Amino acid sequence: MKIRRPRLPVPRGLERGPAVTITVDGRPTPAYLGESVAAALMADGDLSTRTTADGEPRGVFCGMGVCFDCLVIVDGVPGTRACVTWVRDGMDVARQDGPGHRRAGGEAPGDGPGRASGG
């Protein structure tokens with residue numbers, strides 16, 4: 001589900017980390033050091049992080065690394081919890097289909113439909 005939402009303004013007295021660029025499903029996406037991958041995905045407007053083996057969408061549920069609903073593929077490693085993984089410049093993030101496959105249209109070189117992206 002794609003929802004366009006602007007990032008929240010930074011309250012007085014707080015500072016946002018330096019701006020970086022991550023790649024989400026093959027597309028450059030702005031993020032800030034100090035925020036989680038889940039926060040960057042939500043700020044970008046797509047609330048889903050993965051689909052189950054049955055094709056049901058999932059997203060951030062607990063936000064603290066307990067429930068495993070926010071699994072994504074980070075730098076080729078499937079099953080990475082987006083809510084407890086901090087962004088870094090150049091990070092490659094892909095939304096996950098089932099147990100570790102990239103979503104259609106988000107394949108990395110060498111990946112194909114039905115082929116796991118990492119070990």
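Source: prediction; values computed, not measured. The first residue in the sequence is number 1, and the count goes up from there.
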Minimum heavy-atom separation for Glu35 to Ala31, with atom names?
OE2-CA, 3.3 Å
Should Pro18 and Tyr32 count as side-chain neighbours, where that means a heavy-atom distance under 4.5 Å?
no
For the pair Arg81 and Leu71, evaluate side-chain contact (heavy atoms from CB on, under 4.5 Å) and give the outcome as yes or no after the intermediate values.
CA-CA 5 Å; Arg81 291 173 289 174; Leu71 299 180; 3.7 Å; yes
Heavy-atom nearest pair, Cys83 first then Cys70, reads N-SG, 3.4 Å
When clusters are formed by joining ILVMFWY residues with side-chain heavy atoms under 4.5 Å apart, either directly or through shared neighbours, do Leu41 and Ile22 land in the same one?
yes
Any donor-acceptor N/O pair, Asp89 side chain to Thr21 backbone, under 3.5 Å:
yes
Distance check, rounded to the nearest 0.5 Å: Gln96 atom CD versus Ser48 atom OG?
12.0 Å
Please tell me whether Val24 and Val87 are part of a single hydrophobic cluster in this structure, the criterion being side-chain heavy atoms less than 4.5 Å apart.
yes
Nearest heavy-atom neighbours spanning Gly59 and Asp69:
O-CB, 3.3 Å
Under a 4.5 Å side-chain heavy-atom rule over Ile, Leu, Val, Met, Phe, Trp and Tyr, are Val74 and Leu33 clustered together?
yes
From CZ (Arg50) to OG1 (Thr80), nearest 0.5 Å:
12.5 Å
